Amino acid sequence: MKYLKLNFGGNMPIVGYGTWLAKDSALIDALNEALNCGYRHIDTATAYENEHVIGKVLNEWIASGKGTRDELFIVTKLPPYANRASDVEECLKKSLQSLQLDYVDLYLVHTPFSVIATDDKSNLAAMNPDNTTDHLATWKVMEKQVSDGRTKAIGVSNFNIKQIQRLLNNCLIKPANLQIEHHLYLQQPELVDFCRKNDITVTAYSCLGTKGNRDLIGMKWSKELPEMLENDSVLKIAEKHGKSPAQVILRYIVQKDVAVIPKSTNPQRLAENIQIFDFELDAADVETLREQDAGEGGRIVWFEFFKGISEHPEYPFSKEA
Ligand SMILES: NC(=O)c1ccc[n+]([C@@H]2O[C@H](COP(=O)([O-])OP(=O)(O)OC[C@H]3O[C@@H](n4cnc5c(N)ncnc54)[C@H](OP(=O)(O)O)[C@@H]3O)[C@@H](O)[C@H]2O)c1
């Protein structure tokens, strides 16, 4: 395993295990399998409603003596419906209770926009935009979570350059990580370079193209783009190295020092996704894969399951795309 050094201290395993839409017994089995395969970085979020399942598995894993808490790197996220100064601390305390942990390794603001919570937290479509989002006020309480010991590091997800720069200009603790959609068709080189220059690590979500989830409301998938894992260039490079298409795509991202958090509940595929350290892409492979970038046209996750969210003053993505 390779690690990325965080600006505030600590090392993040460059391959993590994604858990969005993984629930109940399927998640219990898959997470146990992932731990057996060597995954130590686990990505969850309050909004995924699976922290309690992950907590149960991790607790049993530690109790059985298979590993220790300090080997793990646990990431969770402040949900859009709690993105306000008054909600941060209570929300993280609840996450820690569900995860059965004293601290997480990284706590992220899930989105730069806030929505108004409803009683049913699973019904995102019923949550209206809250246009009063105040990044600086939220970040102050995020910083307090570090000094209070509830998280080792803090960061953001789905923020754009302008939003991150404003935090950098006004913070005591710099964001340690940015988690963004990043894959073959949405490479965002400018945003990644900006983070590199500012000593902020980047994590790629939906790095395999989030197949299976694309029919969800609020997602868009350009029908003109070939299926990522069936892309001709990826297939050729995969054949050349004797690797799978998913391994080529993951290796490409990791070779840029960007972390990946592929999600699979299939034992073979989740094992395959972490076996990417025994080969290297050459300069020609890298150039071919770089050329597949479709810019904003490749973006899949637009968060439009929150009705009217693209009109929020902190909506981070270009509406023209
Ligand atoms: N911060 C955010 O706003 C945000 C947004 C989205 C996601 N995330 C995080 O990023 C993680 C990953 O993103 P994602 O879940 O959207 O999608 P993803 O990892 O890009 O893709 C998951 C899909 O790919 C399939 N798959 C996995 N490995 C494969 C392989 N080796 N070969 C072929 N198919 C494979 C999975 O099916 P099987 O399970 O059947 O293998 C699943 O359908 C999430 O789980 C979550 O933790 C964060």
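Here the structure is a predicted model, which is why all the values come from computation and not from measurement. One-based numbering, in listed order, for ligands and for the atoms of each.
- Where the criterion is an N or O separation shorter than 3.5 Å, residue side chain and backbone included, G212 fails it with respect to ligand 1.
- Looking at atom 36 (C) of ligand 1, its nearest protein heavy atom turns out to be K263 O, 3.4 Å.
- For ligand 1, the atoms closer than 4.0 angstrom to any heavy atom of P262 are 19 (O).
- Residue-ligand proximity, Q179 to ligand 1, at heavy-atom distances under 4.0 Å covers atoms 1 (N), 2 (C), 4 (C), 8 (N), 9 (C), 48 (C).
- Geometric assessment of K152 against the ring of Y103 yields a positive cation-pi assignment under the 6.0 Å and 45° thresholds.
- Aromatic ring centroids of F303 and Y315 lie 6.0 Å or more apart.
- Taking the side chain as every heavy atom from C-beta outward, T46 and K94 never approach each other to under 4.5 Å.
- Taking a cutoff of 4.0 Å between a charged side-chain nitrogen and a carboxylate oxygen, K77 and D43 qualify as a salt bridge.
- Side chains of L178 and F159 form a contact here, defined as non-hydrogen atoms less than 4.5 Å apart.
- Taking every heavy atom of F303 and a limit of under 4.0 angstrom, the matching atoms of ligand 1 come to 3 (O).
- For E287, the CD atom sits in a packed shell: over 12 heavy atoms of surrounding residues, nucleotides or ligands are nearer than 6.0 Å.
- For Q268, the CD atom is loosely surrounded, since the number of other residues' heavy atoms within 6.0 Å does not exceed 12.
- Contact annotation: for C207 versus ligand 1, heavy atoms closer than 4.0 Å belong to the backbone alone.
- The side chain of L229, and not its backbone, has at least one atom closer than 4.0 Å to an atom of ligand 1 (non-hydrogen atoms only; side chain from C-beta on).
- Looking only at side-chain heavy atoms (C-beta outward), F73 and Y3 stay at 4.5 Å or farther from each other.
- Contact annotation: for S206 versus ligand 1, heavy atoms closer than 4.0 Å belong to both the backbone and the side chain.
- The closest heavy-atom contact to atom 18 (P) of ligand 1, among the options D43, N50, T210, comes from T210.
- If you number the atoms of ligand 1 from 1 as listed, the ones under 4.0 Å from a heavy atom of T265 come out as 39 (O).
- More than 12 heavy atoms of other shown residues, nucleotides or ligands fall within 6.0 angstrom of atom CD in Q165.
- For atom 3 (O) of ligand 1, the closest non-hydrogen atom of the protein is N158 ND2, 3.0 Å.
- Of all protein heavy atoms, the one closest to atom 23 (C) of ligand 1 is K211 O, 3.5 Å.
- Among protein heavy atoms, atom 2 (C) of ligand 1 sits closest to Y205 CE2, 3.3 Å.
- Less than 4.0 angstrom separates some heavy atom of G18 from each of these atoms of ligand 1: 11 (C), 45 (O), 47 (O).
- Applying the 6.0 Å contact sphere to NZ of K56 captures no more than 12 heavy atoms from other residues, nucleotides or ligands.
- At least one heavy atom of Y48 sits under 4.0 Å from some atom of ligand 1.
- Short contacts between ligand 1 and S264, defined as distances under 4.0 Å to a heavy atom of the residue, involve ligand atoms 27 (C), 28 (N), 38 (P), 39 (O), 41 (O).
- In this structure, R290 fails the cation-pi test against Y252, since its NZ or CZ atom is not both closer than 6.0 Å to the six-membered ring centre and inside 45 degrees of the ring normal.
- Close approach of ligand 1 to T19 is summarised as follows: ligand atoms under 4.0 Å from at least one heavy atom of the residue are 45 (O), 47 (O).
- Among the atoms of N266, none of the N or O lies under 3.5 angstrom from an N or O of ligand 1.
- Put simply, no part of S244 is less than 4.0 Å from ligand 1, judged by heavy atoms.
- Closest to atom 20 (O) of ligand 1 by heavy atom, among L208, L21, I180, is L208.
- Scanning all protein heavy atoms for the shortest distance to atom 11 (C) of ligand 1 gives I261 O, 3.2 Å.
- For atom 45 (O) of ligand 1, the closest non-hydrogen atom of the protein is W20 N, 2.9 Å.
- Close approach to A246 involves these atoms of ligand 1, each under 4.0 Å from a residue heavy atom: 30 (C), 31 (N), 32 (N).
- A cation-pi arrangement is absent between R150 and Y107 under the rule of less than 6.0 angstrom and at most 45 degrees off the ring axis.
- Under 4.0 Å from ligand 1, not a single heavy atom of V301 appears.
- Taking every heavy atom of both residues into account, L225 and G297 meet most closely at CD1-O, 4.0 Å.
- Looking from atom 35 (C) of ligand 1 to the surrounding protein, the closest heavy atom is R269 CD, 3.6 Å.
- With a 6.0 Å radius and a threshold of 12 heavy atoms from other residues, nucleotides or ligands, F8 has its CZ atom at or below the threshold.
- Closest to atom 31 (N) of ligand 1 among all protein heavy atoms lies N273 OD1, 2.8 Å.
- Heavy atoms from other residues, nucleotides or ligands lying under 6.0 Å from NZ of K174 number more than 12.
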